[in-house]
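Naming: A, B, ... by sequence-line order, numbering from 1 per chain.
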Number of protein chains: 2
Amino acid sequence: MLILLVEDDAVLAAQTIDFLNAEGIEVDYAATLSHAKEIAAQTASFDKYDAIILDMSLPDGNALSLLQQSLAGFDAPVLFCTAATDLDDKLAAFAAGALDYITKPFALPELAVRVKLLAGKVSKCNQVFELGSLHVDFSAKIVKRGERTIVLSPQQWQLLALLAEQAPAPVNKAQILRHIWPDSEVNNNMYKSLLTRLRHNLSRDNEPSVIQTLKGQGVALRESS
Amino acid sequence: MLILLVEDDAVLAAQTIDFLNAEGIEVDYAATLSHAKEIAAQTASFDKYDAIILDMSLPDGNALSLLQQSLAGFDAPVLFCTAATDLDDKLAAFAAGALDYITKPFALPELAVRVKLLAGKVSKCNQVFELGSLHVDFSAKIVKRGERTIVLSPQQWQLLALLAEQAPAPVNKAQILRHIWPDSEVNNNMYKSLLTRLRHNLSRDNEPSVIQTLKGQGVALRESS
DNA sequence: CTATACTGTTACCTTGTGGTTACCATGCTA
DNA sequence: TAGCATGGTAACCACAAGGTAACAGTATAG
């Protein structure tokens, strides 16, 4: 994951970069508007970035212009960031195409979360999960094994989503029952059937199932080992 | 566009509803957690909503539980809203699956913008869409298969546009009904007829339809595989 | 004014899901 | 070793969800 940070305050920028790096996010850095434009020119676009954090007030001009420019051609989602709390500024930023907005001073963890969300939102692949030969796209609701698309029922989707969320930690029976049948007191057997069916759909001969049972602790989504 | 507002402060809620209505956003309203759950139970899910605004502190419990319960099951994006500025609260909300977060007091225009962004209404709309031998030009409102132009009725066009916007993610029945018949309470069957008609117009012998049904999850525009 | 097409409605058919039951395998304990 | 708990599989079936065709009312165009 790679983002572009455009920010004139060197101290804040350094802190931000450190924090995002620690979160596993690579950061390219531009201190000025002209520098940002240079980068855009070099890479032919901002396409390579998963997101752009843009400080509104830069020494060599207002960042809105960059936003308007970049939006025409490029897909990278923009998070605006400024000291101003003025509502008009915010609305202007959104109108210009910003997808999120955060006011200084902000907490770095929040920034990180918002950046991650942003990077996922536009790529539409925010929730993609890979496991062995299995490819799961939660937003598009597609499961693929290689080229073959696997069709899952709604309940099976719910279960798979739950397992993937917690993976590779196990999920116990009570959690699953509560999650899929929140109201009704249901039979254990339904849970067993559901599991069997999901396993069957995800299975391939020779290969052990990616859904493993840990006796007494629940089931977990993980590669066989 | 329809959203669900869960908020215990009646005055704030009324203001919010008025403002959003003026922006062309319909609002369902729940004052308590239990009421929200009732709505979820009635509608079988929150699928019908384009977004949910959730106040964190409700008289009958913390709203996080609602979020966690229903996350895997419902698709509606959640905007959290609370008086607390505590970072931990924010992070907890994001961790629970919220896609945005706004602290009180907030400006209504900003809320409206964020809701619209969340609902995806402001997302980049591609002008041209290609799928297999199908070529759809949204600005010119032309569908072609190879050299042959396909003529679609207004409703069919609306549906195709909606599907293409979300593709390859599925669009569920509630969304389609609301999108094409915004006011009237209509029969399920109209939706079925419309789908059949669109399928028929887009179909070519031998080739499976590009409109695929995922039982219980809606229909999606994608290539067969 | 007639003809055509679009939309709403009904009826009927097909399919797959999900709930249920029965039965088998394993492993632990008395 | 029997007995029991836990987990897995298969088969069954009611029923809801989805698909199609046909028909009627109403626009719209020529």
- prompt: At under 4.0 Å between heavy atoms, what does A/R199 touch on the DNA or RNA strands: base, sugar-phosphate, or nothing?
  reply: sugar-phosphate
task: Specify the separation, in whole Å, of atom CZ of A/R197 and atom P of D/dG7.
output: 18 Å
message: Need one value for B/T196: base, sugar-phosphate or nothing, where a base atom within 4.0 Å counts as base even if backbone is also close, heavy atoms only.
response: base
message: Show the nearest heavy-atom pair for residues B/Q158 and B/H179, with the distance to one decimal.
response: NE2-O, 3.7 Å
- prompt: Reckon A/T213 has a side-chain N or O less than 4.0 Å from the OP1 or OP2 of D/dG8?
  reply: yes
query: Any side-chain N or O of B/S153 under 4.0 Å from OP1/OP2 of C/dT7?
result: yes
task: Using a cut-off of strictly less than 4.0 Å, decide whether B/W181 has a side-chain nitrogen or oxygen near OP1 or OP2 of C/dT7.
output: no
task: Flag the pair B/R178 and B/E26 as a salt bridge only when some basic side-chain nitrogen lies within less than 4.0 angstrom of an acidic carboxylate oxygen.
output: no
query: Does B/S193 get its side chain close enough to the base of D/dT20, under 3.5 Å, for a donor-acceptor pair?
result: no
- request: Rounded off to whole Å, could you give me the CG-to-P distance for the B/N201 and C/dC6 pair?
  value: 8 Å
message: Would you say that B/T213 contacts B/R199 through its side chain, given a criterion of any heavy-atom pair below 4.5 Å between the two side chains?
response: yes
task: Nearest whole angstrom, please: distance from the P of D/dA11 to the NE2 of A/H200.
output: 10 Å
Which nucleotide in C/dC6, C/dT15, D/dG19 has an atom nearest any side-chain atom of B/K215: C/dT15
task: Using whole Å, report how far CD of A/Q156 lies from P of C/dG18.
output: 7 Å
task: Using whole Å, report how far CG of A/L202 lies from C1' of D/dG8.
output: 16 Å
query: Please give, in whole Å, the distance from D/dG18 P to B/L194 CG?
result: 14 Å
task: Can you spot which of A/K144, A/R145, A/R148 makes a side chain to side chain donor-acceptor pair (under 3.5 Å) with A/S133?
output: A/R145
task: Rounded to the nearest angstrom, tell me the gap between atom CD1 in B/I180 and atom C1' in C/dC6.
output: 14 Å
- prompt: When you measure from the side chain of B/K192, which nucleotide among C/dT21, C/dG18, D/dG18 comes out closest?
  reply: D/dG18
- prompt: To the nearest angstrom, how far is B/L198 atom CG from D/dT20 atom C1'?
  reply: 15 Å
- request: Among the candidates C/dC6, C/dG19, C/dT20, find the nucleotide nearest to the side-chain atoms of A/Q155.
  value: C/dG19
- prompt: What nucleotide, of C/dT9, C/dG19, D/dG8, holds the atom closest to the side chain of B/M190?
  reply: C/dT9
task: Identify which nucleotide among C/dT10, D/dA10, C/dG8 has an atom closest to any side-chain atom of B/N189, counting heavy atoms from C-beta outward.
output: C/dT10
